[in-house]
Amino acid sequence: MLKEALQYLIGLGNTEVFTTRTGQEFASQPIHLIKNPTPEALVVRNLSGLVDYLIHNFDDQPPVLVHVASPTMVDVFSSYNQDFNRNHLIQAKALLPRITFGQFMDAESFNILLQSCFVPNDARAIVLKVIGNLKEETVSNVGDDGVSQQVTAKTGVATVENIVVPNPVSLKPFRTFVEIEQPESEFVFRMKSGPSAALFEADGGAWELTAIARIKEYLQGALEEEINSGKVTIIA
């Protein structure tokens, strides 16, 4: 056993590399790459922090690539090292409220969610009016389209009526960096007896493409001088 181990260790020191006629290279022993260290990315929580870093760190920095990876993440890379790995310099990750779609919640919690996590618009005001003036816990279906619902709500100082629940609704939840305008998209608004309510995303993810485009536009405006000088390239 000891003899075999010694022979194995000796063999490791005699590794040879062979080249075939097609140019492929093979080693006589397993070889493991010793990777060059790369810096851990600095993480910021907004786009302005990323812009400040890029504007003030170009004395000895090579040109960088800014990649808008998603509505909530932007990465900045420098050139390849000798292992063909990019140096990851800084990453912006949006700090956002937690919004749960597709899950029913009681009317009070839903009301708070709309007021705290959505940008005010006409549709939000309508939904808040419905939720805030409910007089009964019963939600019923109306019509023959399988979509419309109605609830009993207060519609005046002393008036109570059955009103149709708006559906779908165009809302602007906080889903991307606060420096850009939040994308507006459609949601299916449903209610159940209890009462409880839920929002279901209904735009097929189109809002994400809108958000990415707006992030790129914001960065192009903020880094115009660096882009024109060839120091920054932005992709999305």
Side-chain angles (χ1 to χ4, degrees), residues 38-79 86-103 109-128 168-189 199-236:
T38 55
E40 183 177 349
L42 174 67
V43 177
V44 295
R45 293 298 187 177
N46 50 40
L47 295 178
S48 57
L50 183 142
V51 169
D52 288 341
Y53 175 91
L54 292 177
I55 290 176
H56 297 99
N57 281 274
F58 269 118
D59 292 338
D60 55 357
Q61 280 284 1
V64 300
L65 176 68
V66 179
H67 178 212
V68 185
S70 74
T72 60
M73 187 178 300
V74 179
D75 296 300
V76 178
F77 300 97
S78 67
S79 58
R86 290 188 180 275
N87 292 316
H88 194 183
L89 303 179
I90 186 170
Q91 181 181 74
K93 296 178 68 175
L95 190 62
L96 299 170
R98 182 179 177 182
I99 305 176
T100 302
F101 297 115
Q103 181 175 318
S109 298
F110 190 80
N111 185 304
I112 294 171
L113 177 72
L114 283 176
Q115 294 191 66
S116 60
C117 298
F118 288 71
V119 178
N121 67 357
D122 292 342
R124 192 193 77 153
I126 293 172
V127 175
L128 281 172
V169 290
S170 296
L171 298 170
K172 301 171 68 173
F174 288 103
R175 292 182 289 185
T176 186
F177 294 95
V178 295
E179 290 94 337
I180 69 169
E181 182 183 355
Q182 301 298 310
E184 184 174 275
S185 58
E186 287 197 339
F187 293 85
V188 174
F189 174 43
L199 291 171
F200 299 84
E201 295 180 274
D203 74 338
W207 75 269
E208 296 182 89
L209 299 179
T210 301
I212 289 172
R214 290 179 181 176
I215 293 170
K216 182 179 180 181
E217 183 180 359
Y218 171 90
L219 293 174
Q220 286 174 330
L223 298 169
E224 183 177 2
E225 183 177 338
E226 287 71 26
I227 293 172
N228 292 337
S229 65
K231 294 178 179 180
V232 172
T233 299
I234 302 176
I235 62 173

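Remember, predicted model here, so these are calculated numbers, not experimental data.
At least one donor-acceptor pair closer than 3.5 Å links the side chain of Gln182 to the backbone N or O of Phe177. Remark: the backbone N or O of Ser48 is paired with a side-chain donor or acceptor of Glu179 at under 3.5 angstrom. Side chain of Ser70 to main chain of Met73: a donor-acceptor pair is present (N/O by atom type, distance under 3.5 Å, no hydrogens or angles). Side chain of Ser78 to backbone of Pro62: no donor-acceptor contact under 3.5 angstrom is found. For the pair Arg124 (side chain) and Leu114 (backbone), a donor-acceptor distance under 3.5 Å is present.
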Audit row: Phe101, Phe200, ring-ring contact (aromatic ring centres under 6.0 Å, His included) steps and yes/no
CA-CA 6 Å; Phe101 297 115; Phe200 299 84; 9.3 Å; no
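The distance from the CG atom of Leu223 to the OH atom of Tyr218 is 8.5 Å, given to the nearest 0.5 Å. Atom CG of residue Asn46 and atom CG of residue Leu95 lie 9.0 Å apart, to the nearest 0.5 angstrom. Atom CD of Glu184 is separated from atom CG of Asp203 by 10.5 Å, given to the nearest 0.5 angstrom. Between atom CH2 of residue Trp207 and atom CG of residue Leu171 there is a gap of 13.5 Å, rounded to the nearest 0.5 Å.
A side chain to side chain contact (heavy atoms under 4.5 Å, CB included) with Val76 holds for exactly one of Leu42, Leu54, Asn87, Ile234; it is Leu54.
Counting all heavy atoms, side chain and backbone alike, Pro71 lies closest to Ile212 at N-CG1, 3.9 Å.
Within a 6.0 Å radius of CG in Asn228, other residues, nucleotides and ligands contribute more than 12 heavy atoms. When the shell of 6.0 Å around CD of Glu217 is examined, it contains 12 or fewer heavy atoms from other residues, nucleotides or ligands. At most 12 non-hydrogen atoms from other residues, nucleotides or ligands lie less than 6.0 angstrom from CD of Glu224.
Checked for salt-bridge contact, Lys172 and Glu181 meet the test: a charged N lies under 4.0 Å from a carboxylate O.
Proximity of Gln91 to Val44: side-chain heavy atoms (C-beta onward) are nowhere separated by under 4.5 Å. Between Val188 and Leu199, the closest side-chain pair of non-hydrogen atoms is not below 4.5 Å. Counting only heavy atoms from C-beta outward, the side chains of Phe187 and Pro173 approach each other to under 4.5 Å. Residues Leu50 and Val74 have side chains in contact (heavy-atom distance under 4.5 Å, counting atoms from C-beta outward). Side-chain contact check for Phe77 versus Asp75: some heavy-atom pair is nearer than 4.5 Å. Put simply, the side chain of Pro183 reaches to within 4.5 Å of the side chain of Thr176, judged on heavy atoms. Within the 4.5 Å cutoff, no side-chain heavy atoms of Glu186 are placed close to those of Val169. Between Ile99 and Phe118 the shortest side-chain heavy-atom distance falls below 4.5 Å.
No side-chain donor from either of Thr72 and Arg175 sits under 3.5 Å from a side-chain acceptor of the other.
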